[in-house]
Amino acid sequence: MSLDRYDPAAIELKWYRYWLDRNLFAPAMGSGQEPFCIVIPPPNVTGSLHMGHAWDNTVQDILIRWARMEGKNALWIPGTDHAGIATQWMVEKLLRERGTTKEAIGREAFLKRTWEFKEESHGTIVGQLKRLGVSTDWSRERFTLDEGLSRAVRRVFVTLYRQGLIYRDLRMVNWSPGLLSAISDLEVEHRDVDGHLWHFRYPLADGSGHVVVATTRPETMLGDTAVAVHPDDARYRALVGKTVRLPLVGREIPIVADAYVDPKFGSGAVKITPGHDPNDFELGKRHGLPVITVMNEDASLNDEVPPPYRGLDRFEARKRVVADLKAAGLLEKVEPHKHALGYCQRSGQVVEPRVSTQWFVRIKPLAEKAVAAVEDGRIRMVPDYQKKVFFEWMNNIQDWCISRQLWWGHRIPVWYCDACGAVIVSETDVSACTQCGGGSLRMDEDVLDTWFSSGLWPFSTMGWPEDTEDLRTFYPTAVLVTGYDILFFWVARMAMLGLWFMGREPFHEVLLHGLLRDQYGEKMSKTKGNGLDPLEMIDRYGADALRFTLAAGTVPGRDMSLPEASIEGNRNFINKVWNATRFVLGHVERLRSAERPQPVAALESVKPGRFERWILARLYQVAEEVRGYLEQRRLNEACRVLYGFVWHEFCDWYVEITKPALMGELGPDAQQAALATLHHVLGEALKLLHPVMPFVSEELWHALPGHGGEARADSIMIQPYPRGEHLAALQRKAGAWGRELDSTVREAQQIIDVIQTVRTVRGESGVKPRQKIDVTLLTGDPALRRAVESEQPMVVTLGGIGRLDFVASFSEREGYGHGVGNGFEAFLALAGQIDVDAERQRIGREVEKTEARIRQLSGKLENPAFRDKAPPAVVAKSREELSALQSQLAKLNESLTQLPAS
RNA sequence: GGGCGGUUAGCUCAGCUGGCAGAGCGGCGGCUUUACAAGCCGUAGGUCGCAGGUUCAAUCCCUGCACCGCCCACCA
């Protein structure tokens, strides 16, 4: 099998089908393996996925694929969310574009249309997830409006109702005039706006003067039912108990005293509108004031106001009221005033506080359990500091308004009997009144907040309230991965409802990531139009490149900037891996088809050389590092380590080093060892990379034949993830060569240092790359000398060296380029080619650096406190480094003095 | 008004329990080296926001300040 140029589009679909055909995403039920389950944060069926979803799902897929390779019983449950408000909003918009409304077509037709919309979005979303490569078990896919999940919703509602934790009440709620529905506190966005503070005169009813009130909302004065002052406010004490004549309306309303009023703010007298302000509503209750609602549901003024204002929008009415009061000489002054205003998250309209009958969850008892679970570590938060944010909210939690005046969602399972007034709360549909037997029942028109059903997701998806094998096996789930922006909306609700109904936390860990930003650090959003489309990026660079980029930017809790150039760069990395495989494959094929065919030997049956042992040692060090980082969820570090190892150690060094051996220049043993090692390390690296880049790793895994030259039968998905102990096992099989791994690694790095030193001097001296140069290596370290000597062919090739000599002393330095490394000096025979000035400058820079470091170190070492108090190892290390630097400095200075005068 | 996070190379960002400041991109110089120009070799560039403190030692821990961002919040 040979490989063409890397073309992601040509391989990705193929392997996704392969995984599906072999049912590799399904868990191994009954296997007894440790369960590891993730439930997907169900995307809204409002269209298509954005890059944030790609990020979230990439992280989950990495964790699931890794767990699977670690031998766990891995299950990732996919699904989607009906997203009540968001979806209804989209469909209503579509209807408007076609010149109709939901009211015109009716509830039934509207729901039918919305289901169609849902199907379409769902198809798009599933297609996108598959392109991304997610290994979800599609046979377990769920939707929040499924029959099973709807049963779970009803069970929860009825249970909480019977426990006295759900109640219906007439209260002041956040009303969205855009949605014509109540919304929860969380769905209100507060924004600071530049408004005004209007001061109006309210004439006293007895004609003895007036009271000045200050307000930011003049239009609500039409619903005023009192004026309030602070009981201790001397300015107004005499007025308490009197009445004012409400301008424009004519109503006579009392002046009351209440400690709520801040005497220092505004005029110290407040107009009270119990129908349109939560504080006024509370104050009104204390003083038995009437509540007058002066607005319709769409925030236009209703018939409770004088005729001229009826039907006006609230902002129109505001202008009108101000103008009219001014005309009447009752406007005392207007001040600019900055204050926070609540906006409906979905419709963007300013939220109107409104008195209405709604359903609420008394959430505190549930919250206490969730707080306890996080406090005692049953739920771990990554990053840890998010706990503080969580507690802050949970400890100040308010009752949750769960009814929505929408059509798309779970209908509230409550029926009202017109005959006897009974309120029937039932899990199953009710056709006759349970009280009076009458048949004229009305089901509650409202639906539940969409988060009510998604709050059940970790167990409703597993079949609750049935007692299922999935629940027994996979609840609690291992980890929940999502953005910190829905910590309260969703994570907190799941924690509360899961603990309440299942008696156990829904997940052991919450892994929170941040928001996506563009190359300028700006938040990616549709409205800004600066978002990258995941599908477009996949088309352009491949899913693997996108996934690697997202993973490499994943620091728990942190936002990520995602410039397109970074995806391109990582595509290049994949291309590198691709070409490394091509290289190895080329030699495998060449040797197999040679006169005496040689398949790739098993690693334990070859005699690995120094660099074989070095790269193997590094491979397994890296494997351990990567596993450690994955455990800590530091995906960025895992990716960085893999990238550096594969590119800069394996490709840049090891592959180059093997070339003479592969060509047979070093004998058959070396050839076998090099090929076996390349084969092995590449295969293991592909496994390490697989969770991050599943498609290309699978492709290359299959391209790389087994030891007998046979094609790979099994998916890389189910190979064991490399571990350090695999090296130990290898060493046992191979005999003793593993014992000197540490010194081998050190020597290998020294040899690399020699080559780099030679290259640096060559480069700085302007020696042409093709020109061989004679090098004399001066070293007093016999081990180093032996190592370099035994690797001479490779050193000579990679250093572009003609003759390589070793000496213990070297005095005739004129005409040589000079480089210093740790434990050696290299002299390049550059006679006539040395740019003396450049050389002097280069060495001068080295001298300065070395001297600076020496000053730093010797300062430290001269300090008795350091010698006494620092750990001995640190002191010894400093000593060692200092003496190495001192001898290096001496060498540099010597070569400086020997440079000919320019 | 409360709370949380950030400030590190030209840009975007890493940097685990304190012990030599890193990557990618970009810059500069040089390469048609038989896996790869989506490449190779070399290289420049940083008082780690400011001021104190703890420590033998601070980018890292503590305090204060300055900006930037986010979350929560019923002062009209």
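The chains referred to below are lettered A, B, ... by the order of the sequence lines, with proteins before strands, and numbering in each begins at 1. Note that the structure is a prediction, hence the values are computed from the model and not measured.
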Select one nucleotide: of [options], the one nearest the side-chain heavy atoms of [X].
| X | options | answer |
| --- | --- | --- |
| A/Thr760 | B/U12, B/G42, B/G15 | B/G42 |
| A/His337 | B/C74, B/A76, B/G15 | B/A76 |
| A/Lys388 | B/A76, B/A73, B/G5 | B/G5 |
| A/Arg634 | B/G15, B/A73, B/G5 | B/G15 |
| A/Ser561 | B/C13, B/G5, B/C74 | B/C13 |
| A/Phe866 | B/A76, B/G19, B/G5 | B/G19 |
| A/Arg517 | B/C56, B/G69, B/C75 | B/G69 |

What's [X] touching, base or sugar-phosphate or nothing? Going by heavy atoms closer than 4.0 Å.
| X | result |
| --- | --- |
| A/Ser566 | nothing |
| A/Arg558 | sugar-phosphate |
| A/Tyr260 | base |
| A/Glu881 | base |
| A/Asn636 | sugar-phosphate |

Taking the side chain as every heavy atom from C-beta outward, state whether A/Ile755 and A/Trp653 have any pair of such atoms under 4.5 Å apart. yes
Non-hydrogen side-chain atoms of A/Leu186 and A/Trp400 separated by less than 4.5 Å: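 No, their side chains stay 4.5 Å or more apart.
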What is the distance, rounded to the nearest whole Å, between atom [atom1] of [X] and atom [atom2] of [N]?
| X | N | atom1 | atom2 | value |
| --- | --- | --- | --- | --- |
| A/Leu341 | B/C74 | CG | P | 13 Å |
| A/Asp485 | B/C72 | CG | P | 10 Å |
| A/Glu189 | B/C72 | CD | C1' | 13 Å |
| A/Asp280 | B/C74 | CG | P | 14 Å |
| A/Tyr484 | B/G69 | OH | P | 13 Å |
| A/Arg770 | B/C41 | CZ | P | 16 Å |
| A/Gln771 | B/U33 | CD | P | 16 Å |
| A/His190 | B/C70 | NE2 | P | 15 Å |

Classify the angle between the aromatic ring planes of A/His196 and A/Trp198 as parallel (below 30°), tilted (30 to 60°) or perpendicular (above 60°). tilted
Which of parallel (below 30°), tilted (30 to 60°) and perpendicular (above 60°) describes A/Trp578 and A/Tyr6? tilted
Does one side chain, of [X] or [Y], offer a donor that lies under 3.5 Å from an acceptor on the other?
| X | Y | value |
| --- | --- | --- |
| A/Arg853 | A/Gln856 | yes |
| A/Glu881 | A/Ser878 | no |
| A/Asp753 | A/Asn822 | no |
| A/Asp559 | A/Tyr484 | yes |

Can you tell me if [X] uses its side chain to pair, donor with acceptor, with the backbone of [Y] under 3.5 Å?
| X | Y | result |
| --- | --- | --- |
| A/Ser566 | A/Leu562 | no |
| A/Arg762 | A/Lys768 | yes |
| A/Arg571 | A/Ala545 | no |
| A/Arg867 | A/Leu861 | yes |

For RNA chain B, determine which residues of residues 212-228 of chain A have any heavy atom closer than 4.0 angstrom to one of its atoms, and list them numerically. A/Ala214, A/Thr215, A/Thr216
Which residues in residues 868-879 of chain A have a heavy atom closer than 4.0 Å to any atom of RNA chain B? A/Lys869, A/Ala870, A/Pro871, A/Val874
Is any N or O donor-acceptor pair between the side chain of A/Arg759 and the base of B/C41 shorter than 3.5 Å?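 Answer no: no donor N or O sits under 3.5 Å from an acceptor.
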Residues 268-278 of chain A, side-chain donor-acceptor partners within the protein, below 3.5 Å, at least two apart:
{"unit_1": "A/Lys271", "atom_1": "NZ", "unit_2": "A/Thr220", "atom_2": "OG1", "d": "2.7"}
{"unit_1": "A/Lys271", "atom_1": "NZ", "unit_2": "A/Asp224", "atom_2": "OD1", "d": "3.0"}
{"unit_1": "A/Lys271", "atom_1": "NZ", "unit_2": "A/Thr273", "atom_2": "OG1", "d": "2.9"}
{"unit_1": "A/Thr273", "atom_1": "OG1", "unit_2": "A/Asp224", "atom_2": "OD1", "d": "2.6"}
{"unit_1": "A/His276", "atom_1": "ND1", "unit_2": "A/Glu352", "atom_2": "OE2", "d": "3.3"}
{"unit_1": "A/His276", "atom_1": "NE2", "unit_2": "A/Val294", "atom_2": "N", "d": "3.0"}
{"unit_1": "A/Asp277", "atom_1": "OD1", "unit_2": "A/Asn279", "atom_2": "N", "d": "2.8"}
{"unit_1": "A/Asp277", "atom_1": "OD1", "unit_2": "A/Asp280", "atom_2": "N", "d": "3.0"}

Walk along nucleotides 34-40 of chain B from 5' to 3' and tag each nucleotide B, S or - by protein heavy-atom contact under 4.0 Å, base first, then sugar-phosphate. -BB-BSS
With ring centroids as reference points, do A/Trp55 and A/His513 lie under 6.0 angstrom apart? yes
Identify all side-chain donor-acceptor contacts of residues 257-266 of chain A below 3.5 Å with residues at least two apart in sequence or on another chain.
{"unit_1": "A/Asp258", "atom_1": "OD1", "unit_2": "A/Tyr260", "atom_2": "N", "d": "2.8"}
{"unit_1": "A/Asp258", "atom_1": "OD1", "unit_2": "A/Arg286", "atom_2": "NH2", "d": "3.1"}
{"unit_1": "A/Asp258", "atom_1": "OD2", "unit_2": "A/Arg286", "atom_2": "NE", "d": "3.0"}
{"unit_1": "A/Asp258", "atom_1": "OD2", "unit_2": "A/Arg286", "atom_2": "NH2", "d": "3.4"}
{"unit_1": "A/Asp258", "atom_1": "OD2", "unit_2": "A/His287", "atom_2": "NE2", "d": "2.7"}
{"unit_1": "A/Asp262", "atom_1": "OD1", "unit_2": "A/Lys264", "atom_2": "N", "d": "2.9"}

Testing the basics here: between A/Tyr236 and A/Ser267, what is the closest heavy-atom pair and its distance to 0.1 Å?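 Heavy-atom minimum between the residues: OH-O, 2.5 Å.
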OP1 or OP2 of B/A76 sitting under 4.0 Å from any side-chain N/O of A/Thr273? no
Could you write out RNA chain B as a dot-bracket string, with dots for unpaired bases, | for bases paired across to another strand, and Watson-Crick or G-U pairs counted at under 3.5 Å? (((((((..((((.....[..)))).(((((.......))))).....(((((..]....))))))))))))....
